[in-house]
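Written below as structure tokens is the structure these notes are about.
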Amino acid sequence: MPVSDLTPPPRRSTVEHIADELRGAVMSGRLEPGEQLGEAELAAHFEVSRGPLREAMQRLVSEGILHAITNRGVFVSELTLDDVRDVYRTRSVIERGALEIVIAEGRREETAAELAQVVERMHTAAAKGDGPAVSDADQHFHEALVEASRSPRLTRAMRTLIVETRMCLGELRTTYTDLATQVEDHDALRLAILEATPARAKAALQAHLDDAVERLVAKRT
């Protein structure tokens, strides 16, 4: 097919722009779980009427990122402990599958080298006391592991959890009295991926994910 026959993608609409901005704010932790969204304030911020703002928020309600309560308003969704367990259970299947491919196809060294760069970012952020940046690098660490498998389907599956994972990580960072511990945990996992036997490497990954769930459960109970 000639390029001239292809239809260019439409420009992003105002509704799409607002939805993307709100989604990003939830992922970054700028909008926290349980926080109410003020229509008047947001409409003024985006310089739009309430119509497109409400349509954008409804899109995020349908995605589960926001939820609406009749006569009260729209709020950032809060993950229940069952939600958290399910997110990490799903991540475990995806990440262990990716690790199996990395090991089977002899890409442990290059994967560990990529993860080392992410750990260094975590270390720099932790030294500055920048918790959100540590969380960003934490998420990148696990995404990089999955991408190292070169499996398009595992990568796509991981990306479907990106918002919920980021919400978990935002809460998880408050469970560490010292951000350096979060960095050390990831460096230990990186070394296991590089040096441990396949069984021990997979066990280390599972223990790492289980520890996150235990921390979140302990925080809430």
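Thr80 and Asp83 are linked by a side-chain donor-acceptor pair at a separation below 3.5 angstrom, with hydrogens and angles left out of the test. Arg107 and Thr111 share no donor-acceptor pair across their side chains, judged by distance under 3.5 Å alone. Judged by distance alone, the side chains of Gln182 and Arg173 never bring a donor and an acceptor atom under 3.5 Å apart.
Side chains of Gln139 and Ser135 form no contact here, defined as non-hydrogen atoms less than 4.5 Å apart. With a 4.5 Å cut-off on side-chain heavy atoms, Arg85 and Asp82 count as touching. For the pair Val217/Glu214, no side-chain contact is recorded, criterion being any heavy-atom separation below 4.5 Å from C-beta on. Using a 4.5 Å cut-off on side-chain heavy atoms (C-beta onward), Leu66 and Val76 make contact. When side chains are defined from C-beta on, Asp185 does not count as touching Leu189, because their heavy atoms never get closer than 4.5 Å.
Across Phe141 and Leu115, no two heavy atoms sit closer than the pair O-CD2, 3.4 Å. A pairwise comparison of heavy atoms in Val146 and Ser149 identifies O-OG, 2.6 Å as the closest pair. The minimum heavy-atom distance linking Ala126 with Val183 is given by the pair CB-CG2, 3.8 Å. The minimum heavy-atom distance between Arg50 and Ala40, with the atom names listed, is NH2-CB, 3.3 Å. The nearest pair of heavy atoms linking Pro33 to Met167 is CG-CE, 4.5 Å. Nearest heavy-atom pair, Cys168 versus Val84, reported as atom, atom and distance to 0.1 Å: SG-CG2, 4.2 Å.
For the atom pair CG (Leu172) and CZ (Arg166), the distance works out to 10.5 Å, reported to the nearest 0.5 Å. From Leu31, atom CG reaches atom CZ of Arg23 across 12.5 Å, with rounding to the nearest 0.5 Å. Distance check: Arg215 CZ to Tyr176 OH gives 4.0 Å after rounding to the nearest 0.5 Å. Atoms CZ and CG, on Arg96 and Leu209 in that order, are 8.5 Å from each other to the nearest 0.5 Å. Within the model, atoms CD of Glu109 and CD of Glu195 stand 10.0 Å from one another, a figure rounded to the nearest 0.5 Å. Note that the CG atom of Leu22 and the NE2 atom of His17 stand 9.0 Å from one another [nearest 0.5 Å].
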Q | Chi angles and distances behind the side chain to side chain contact (heavy atoms under 4.5 Å, CB included) call for Glu78, His67 | A | CA-CA 9 Å; Glu78 296 182 88; His67 70 281; 5.6 Å; no
Q. Do Ile101 and Leu154 pass the side chain to side chain contact (heavy atoms under 4.5 Å, CB included) test, and can you show the C-alpha distance, the side-chain angles, and the key distance before you say yes or no?
A. CA-CA 11 Å; Ile101 294 172; Leu154 286 177; 3.9 Å; yes
Q) side chain to side chain contact (heavy atoms under 4.5 Å, CB included) between Arg72 and Gln36: does it pass, once the steps are laid out? A) CA-CA 9 Å; Arg72 287 190 57 194; Gln36 184 173 9; 5.5 Å; no
**Q.** Pair His142-His208, side chain to side chain contact (heavy atoms under 4.5 Å, CB included): steps then yes or no
**A.** CA-CA 11 Å; His142 293 275; His208 178 86; 3.3 Å; yes
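Hydrophobic clustering (side-chain heavy atoms under 4.5 Å, transitive across Ile, Leu, Val, Met, Phe, Trp, Tyr) keeps Val48 apart from Val15. Cluster membership for Val26 and Val61, using ILVMFWY side-chain heavy atoms within less than 4.5 angstrom, is shared. Both Leu145 and Val213 are members of a single hydrophobic cluster when ILVMFWY side chains are connected at heavy-atom separations under 4.5 Å. Tracing side-chain contacts under 4.5 Å through hydrophobic residues (I, L, V, M, F, W, Y), one reaches Leu60 starting from Leu79; they form part of the same cluster. Follow the hydrophobic side-chain contacts under 4.5 Å out from Leu216 and you never reach Leu161; the two are in separate clusters.
Not a single donor-acceptor pair under 3.5 Å links the side chain of Ser92 to the backbone N or O of Tyr88. Looking at Arg91, its side chain never comes within 3.5 Å of a backbone N or O of Met158 through a donor-acceptor pair.
Taking a 6.0 Å sphere around CD of Glu63, one finds it holds more than 12 heavy atoms contributed by other residues, nucleotides or ligands. For Arg153, the CZ atom sits in a loose shell: 12 or fewer heavy atoms of surrounding residues, nucleotides or ligands are nearer than 6.0 Å.
Note on Arg159 versus Glu147: salt bridge recorded, some NZ/NE/NH1/NH2 to OD/OE distance being below 4.0 Å. One finds no salt bridge joining Arg150 and Glu105 here, because no Lys/Arg side-chain nitrogen approaches an Asp/Glu carboxylate oxygen to under 4.0 Å.
Checked against the 6.0 Å centroid criterion, the rings of His186 and His123 do not qualify as a close aromatic pair.
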